[in-house]
Number of protein chains: 2
Amino acid sequence: MSTSAGQAEAQQKAPGNQPKTARGEATRRSILSAAERVIGAKGYNDASIGHITSEAGVAQGTFYIYFKTKEEVFSELVLEMGRLVRHKIAEATQGIENRLDAEKVGLKAFLEFVRAHPDLYRIVQEALFVDPDAYEAYYTTFADGYRSGLSAAAEAGQISEGDVETRAWALMGIARALGEQLVVFKSEKPVQELVDCAYDLIANGLKP
Amino acid sequence: MSTSAGQAEAQQKAPGNQPKTARGEATRRSILSAAERVIGAKGYNDASIGHITSEAGVAQGTFYIYFKTKEEVFSELVLEMGRLVRHKIAEATQGIENRLDAEKVGLKAFLEFVRAHPDLYRIVQEALFVDPDAYEAYYTTFADGYRSGLSAAAEAGQISEGDVETRAWALMGIARALGEQLVVFKSEKPVQELVDCAYDLIANGLKP
DNA sequence: ATGAAACATGAATCAGTATTCATGTTTATC
DNA sequence: GATAAACATGAATACTGATTCATGTTTCAT
């Protein structure tokens, strides 16, 4: 009924508590965003609830009004990363007919997002150890989309034939490695240069 | 002076204690190998010293005869993974003149190693959070070798021109993603199939 | 054979921190 | 403006697990 509380309905895993007022909404958001920064910076284990709540400017107990456990806030961040990234890429590749073009534009959108959200990127990596299910869901969701895109492109003769499953993982691997360049290894290289080089490799291969 | 204690000399980071007798040597090795299994399976934080020592069949205190901290044993495992993997690849690509052939053979060797040592693979991934320096060293060492290999190949006209730095990371990304397929997502696909598909992509690209 | 160094033990220490709870404050509705 | 629900507090609880240590046992050079 109110302005923007539509997503509360279809929640799957019995979350801590959804806020019922604007104040609660704001507090919850501020905890989530503090968690993103703190966990992204220190890693899951060194990020204590105390750190997170003090970064958010609330008391320690307040955390447990909105999240059942430390793991829950982490999982939510992984989900958020998935949603945001997929949205960015879908938005950027909207209406592009040719798969190779879409590949290029999508890669660029991905890398720009990752550079803008280094904490989220690291959180997804750590999910392999903290919340393996979320990690797996993140990548398989991605891979599914990739695979069907590649299949369609092969049908349409836009790309050569080949095992779409393996290709999807390989292409995701390239994107991930370049993202890591930016976030983990702090490369200053312009995103466009990375994209152009990777695109050339993806499209033409290494053969002279 | 004795048979095989030559590596004790050039140690960098003041390690716990190197064993001085055959018994000590054996105990240390058994702790290290237990740590590999336990940390690989449960992750760094859930793998307690108690778990590791009981898996190794020694008392808890014994751990600290050979390792100063829990982190130290972890770092040593990351180093070990780097040494072993580089060795495997070097061995496999020994004497191969053509870079693209070497790429194919090296990728196969890498994937076979990874499938045989899933625990070590996971440990390297976790190093990003537990021991970032070791993580960085692992990948930059790899990338350095890759880069110079690609440069030489480009000189020799075996591959097309292109930014070797970015290409190196992209190719490492492919290898890593396929390794992850095997270890994390438990794919049953034969290594050779993955290699053939990835090689085709690397050599020829996606263009029809 | 013997003494010193190396190795091994496992119970005790010690610190950190996730989670709970009893108590107060704010918000919204009647 | 009163009442209940929602929200907020921060001190107390409870537990885990890395590290230490006082005490034994084994190895080995002499």
Side-chain angles (χ1 to χ4, degrees), chain A residues 1-3 5 8 14-35 38-39 41-77 126 129-131, chain B residues 1-5 8 14-32 34-35 38-39 41-77 126 129-131:
Chain A
M1 293 82 184
S2 66
T3 36
N17 272 336
Q18 293 305 119
K20 306 268 202 293
T21 73
R23 182 164 67 133
E25 191 80 35
T27 304
R28 193 188 138 97
R29 239 198 289 282
S30 117
I31 293 172
L32 199 58
S33 134
V38 174
I39 297 180
K42 308 170 96 84
Y44 181 77
N45 278 281
D46 291 349
S48 71
I49 303 296
H51 288 138
I52 293 170
T53 50
S54 94
E55 171 84 12
V58 300
Q60 211 152 305
T62 306
F63 180 93
Y64 290 91
I65 296 173
Y66 301 105
F67 303 97
K68 263 210 276 295
T69 64
K70 185 180 169 185
E71 234 184 278
E72 189 179 279
V73 79
F74 182 89
S75 302
E76 193 150 323
L77 288 171
E126 195 165 16
F129 305 97
V130 175
D131 184 350
Chain B
M1 287 89 175
S2 66
T3 36
S4 64
N17 272 335
Q18 293 304 119
K20 307 270 202 293
T21 73
R23 178 165 69 134
E25 192 81 34
T27 302
R28 192 188 139 97
R29 239 198 289 283
S30 116
I31 293 173
L32 199 58
V38 175
I39 297 180
K42 307 168 96 84
Y44 181 77
N45 278 283
D46 290 350
S48 72
I49 303 297
H51 290 136
I52 294 171
T53 50
S54 95
E55 170 84 12
V58 301
Q60 208 150 311
T62 306
F63 180 92
Y64 291 90
I65 296 173
Y66 301 105
F67 303 96
K68 262 209 278 291
T69 64
K70 187 180 170 185
E71 234 185 277
E72 189 179 281
V73 79
F74 183 88
S75 302
E76 194 150 322
L77 289 171
E126 196 165 14
F129 306 97
V130 175
D131 185 349

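Everything numeric in this text was worked out from a predicted model, so none of it was measured. In what follows, chains carry the letters A, B, and so on, assigned in the order in which the sequence lines appear, proteins first and then strands, with residues in each chain numbered from 1.
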Between B:Ser48 and A:Gly57, who's closer to the 5' end of DNA chain D by nearest nucleotide?
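Checking each residue's closest nucleotide, the 5'-ward one belongs to A:Gly57.
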
Indicate whether OP1 or OP2 belonging to [N] is found under 4.0 Å from a side-chain N or O atom of [X].
{"X": "B:Thr27", "N": "C:dA8", "answer": "yes"}
{"X": "A:Thr69", "N": "C:dA18", "answer": "no"}
{"X": "A:Thr21", "N": "D:dC7", "answer": "yes"}
{"X": "B:Tyr64", "N": "D:dC21", "answer": "no"}

Which residue in the set A:Ile65, A:Thr21, A:Thr62 passes side chain to side chain contact (heavy atoms under 4.5 Å, CB included) when paired with A:Thr27?
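Only one of A:Ile65, A:Thr21, A:Thr62 forms a side chain to side chain contact (heavy atoms under 4.5 Å, CB included) with A:Thr27, namely A:Thr62.
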
Roughly how many Å is it from [atom1] in [X] to [atom2] in [N], rounded to a whole number?
{"X": "B:Tyr66", "N": "D:dA18", "atom1": "OH", "atom2": "P", "value": "20 Å"}
{"X": "A:Lys20", "N": "D:dA8", "atom1": "NZ", "atom2": "P", "value": "13 Å"}
{"X": "A:Ile65", "N": "D:dG10", "atom1": "CD1", "atom2": "C1'", "value": "12 Å"}
{"X": "A:Arg23", "N": "C:dT25", "atom1": "CZ", "atom2": "P", "value": "12 Å"}
{"X": "A:Phe63", "N": "C:dT17", "atom1": "CZ", "atom2": "P", "value": "14 Å"}

The side chain of B:Gln60 lies closest to which of these nucleotides: C:dT26, D:dT19, C:dC7?
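Nucleotide nearest to B:Gln60's side chain: D:dT19.
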
As a test of reading the structure: which of C:dC7, D:dT19, C:dT27 is closest to the side chain of B:Ile49, going by heavy atoms?
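The closest nucleotide is D:dT19.
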
For the backbone of B:Glu71 and the side chain of B:Tyr44, can you confirm whether one donor and one acceptor N or O come within less than 3.5 Å of each other?
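Yes, because the side chain of B:Tyr44 sits within donor-acceptor range (under 3.5 Å) of the backbone of B:Glu71.
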
Main-chain N/O of B:Ser48 paired with B:Lys42 side-chain donor or acceptor, under 3.5 Å:
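It does not hold such a pair.
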
At their closest point, which heavy atom of B:Glu25 faces which heavy atom of B:Pro19, and how far apart are they?
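Heavy-atom minimum between the residues: N-CB, 3.3 Å.
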
